[in-house]
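Structure, as structure tokens:
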2 protein chains.
Amino acid sequence: MPKPEVDPTVQLELSVDRSSPVPLYFQLSQQLEAAIEHGTLTPGSLLGNEIELAARLGLSRPTVRQAIQSLVDKGLLVRRRGVGTQVVHSQVKRPLELSSLYDDLEAAGQRPATKVLVNTVVPASAEVAAALGVAEDSDVHRVERLRLAHGEPMAHLCNFLPPGLMDLDTDQLETTGLYRLMRAAGITLHSARQSIGARAATTEEADRLAEETGAPLLTMQRVTFDDTGRAVEYGTHTYRPTRYSFEFQLLVRT
Amino acid sequence: MPKPEVDPTVQLELSVDRSSPVPLYFQLSQQLEAAIEHGTLTPGSLLGNEIELAARLGLSRPTVRQAIQSLVDKGLLVRRRGVGTQVVHSQVKRPLELSSLYDDLEAAGQRPATKVLVNTVVPASAEVAAALGVAEDSDVHRVERLRLAHGEPMAHLCNFLPPGLMDLDTDQLETTGLYRLMRAAGITLHSARQSIGARAATTEEADRLAEETGAPLLTMQRVTFDDTGRAVEYGTHTYRPTRYSFEFQLLVRT
DNA sequence: TCAATCTGTATGTCCGGACAATCTGACTAC
DNA sequence: GTAGTCAGATTGTCCGGACATACAGATTGA
């Protein structure tokens, strides 16, 4: 009786383009990821062993391993010594990226709207100065925005940026997200320190978000760093919990 | 004039033990991480190039690269082609592990106390059955706990576990965290899907947490999976936002 | 003086091979 | 029948080398 579980990668049309500037391991990992996403590689199915896979593609084993390893790091695959590599059963979505509210909403097909309330330069308060690592009372950008979905206010975003980092055009801020603008300005986002909490809305906050005074609000504070370690953004956000919650997938560090 | 910035790894007493079963790259990465943690490798300092470092340690370059890469993945180092590898400036704490409230509190030196309110087997509701991937009305464990710090209630934790996974001893639940018990039972935690929100406390919830009815509560729902993709835990937690908030560091996926 | 070009350096990618560690399944002995 | 043992399969680790690519600083030219 033939084994019902044959190497599913043989039916996959895997191929690499050596003339492309895209690294070979990356080409392979993308194709495998697409196959998992598409369902061609079903959860629990075993990939053929690395040696054979390398031979079939005309690659070396280290290259194939690098491709597989990147997917293991993403949580899509699990390796077992003596057994093989298989697709994880659970549907992993995204391992918690450093995403902006704008991107989140757009991904959900919500077509977010933004209203810029404030876009100016102010002296840094002690709190802002400490977060951004600049001198107190030195100039920093201050941007205050209201994010709406379906015409309803969803969140109030207050951000501070160090001076000289980038131009903050109000029109651009109304049509796209802050992170996207920063990336476009050549800033490489690296890490962020976040704090998520809740509190009762003040009268002012309630007015802004069309809630009642004392209604629960979801709060988020974040300092974002670029790859040189500079703080490039400090934000204090409040969300309407009936309209928004933080959802993310996270992996165990190994 | 000599360059003020010399390779700081030469002063480091790096060495590897080839007779040890611990992989060489792991020995090296641990020593480097300790040096960064300890401050011997100061932020922004450049590590000597990989070739020389490999030669000095009697290792091959791929092995040294593997050690460095693991620290890059942790966000402790940054590589720049043509420049070198340097320690990041910002103080990276932890890249958001899959941690339990118990561990969080203990790390903060709070000596948490736990009171088990419920520890029984119940038929799975539709919500629980969907989260755990079991049949509706099939038996599942239900654990309800109250977590206190400094004698004050801090969070209410309601968890569901599939049957046959592990024993749930009330005494053990009162002295340690659920995740720790699961790991001790040989379960390899792999990933989790979380949702953090806020809402107003019902009268029942307010009573449990010594809050007022309608007070803001921080809520968290989580489904945890092991490395085979099975759902091993589903939890619905409520926190007092004046006593607790979620803080974490996260890295940009590259 | 300033801009374009060149050059050295360091990491990025890739190869082919070797041996060790570990898991599964089958075989054997009791 | 059950437990222990063994062999095959597969990933884990490590080596040594080769060339490509990108960045920084020095050099050269306008």
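Per chain, numbering begins at 1; letters A, B, ... match sequence-line order.
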Which part of the nucleic acid, if any, lies within reach of A/P62 when heavy atoms closer than 4.0 Å are counted: base, sugar-phosphate only, or nothing?
base
In whole angstroms, how far is the C1' atom of D/dA9 from the CZ atom of A/R61?
12 Å
In whole Å, what is the span from the CZ atom of B/R65 to the P atom of D/dT13?
17 Å
If I compare all heavy atoms of B/V78 with all of A/H190, which pair ends up nearest, and what's the gap?
CG2-NE2, 4.3 Å
Check the distance between D/dT10's P and A/L77's CG and give it to me in whole angstrom.
16 Å
Quick one: A/E50 CD to D/dT13 P, roughly how many Å, whole number?
11 Å
Out of curiosity, A/L32 CG to A/L28 CG, how far, rounded to the nearest 0.5 Å?
4.5 Å
With A/V87, the side-chain contact (heavy atoms from CB on, under 4.5 Å) member among A/L76, A/T42, A/L46, A/L47
A/L47
d(CZ, A/R81; P, D/dT11) in whole Å:
11 Å
Please report the C-alpha distance between A/L178 and A/L168 in whole Å, then the side-chain angles of each, then the deciding distance to 0.1 Å, and finally whether the side-chain contact (heavy atoms from CB on, under 4.5 Å) criterion is met.
CA-CA 9 Å; A/L178 180 58; A/L168 285 168; 4.1 Å; yes
Measure from CD on A/E52 to P on D/dA9 and round the result to the nearest Å.
12 Å
For DNA chain C, note the earliest and the latest nucleotide, 5' to 3', having some atom under 4.0 Å of a heavy atom belonging to chain B.
C/dT9 to C/dT13
Could you pick out which residue, B/I51 or A/T63, lies toward the 5' side of DNA chain C when each is mapped onto its nearest nucleotide?
B/I51
Residues forming a salt bridge (charged side-chain N to carboxylate O under 4.0 Å, His left out) with B/E50, sequence neighbours excluded
B/R61, B/R65, B/R79
Pairing of A/R193 and B/E247 as salt bridge, 4.0 angstrom limit
yes
Could you tell me how far apart A/Q69 (CD) and D/dT13 (C1') are, to the nearest whole angstrom?
12 Å
hbond_proxy A/R80 side chain to D/dG12 base (donor-acceptor, 3.5 Å cutoff)
no
Per the side-chain contact (heavy atoms from CB on, under 4.5 Å) rule, which among B/L57, B/V16, B/L24 passes with B/T63?
B/L24
Output the single nucleotide from D/dG12, D/dC23, D/dT13 whose closest atom is nearest the side chain of B/V83.
D/dC23
If you find the nucleotide of DNA chain D closest to B/F26 and the one closest to A/P21, which residue's nucleotide is nearer the 5' end?
B/F26
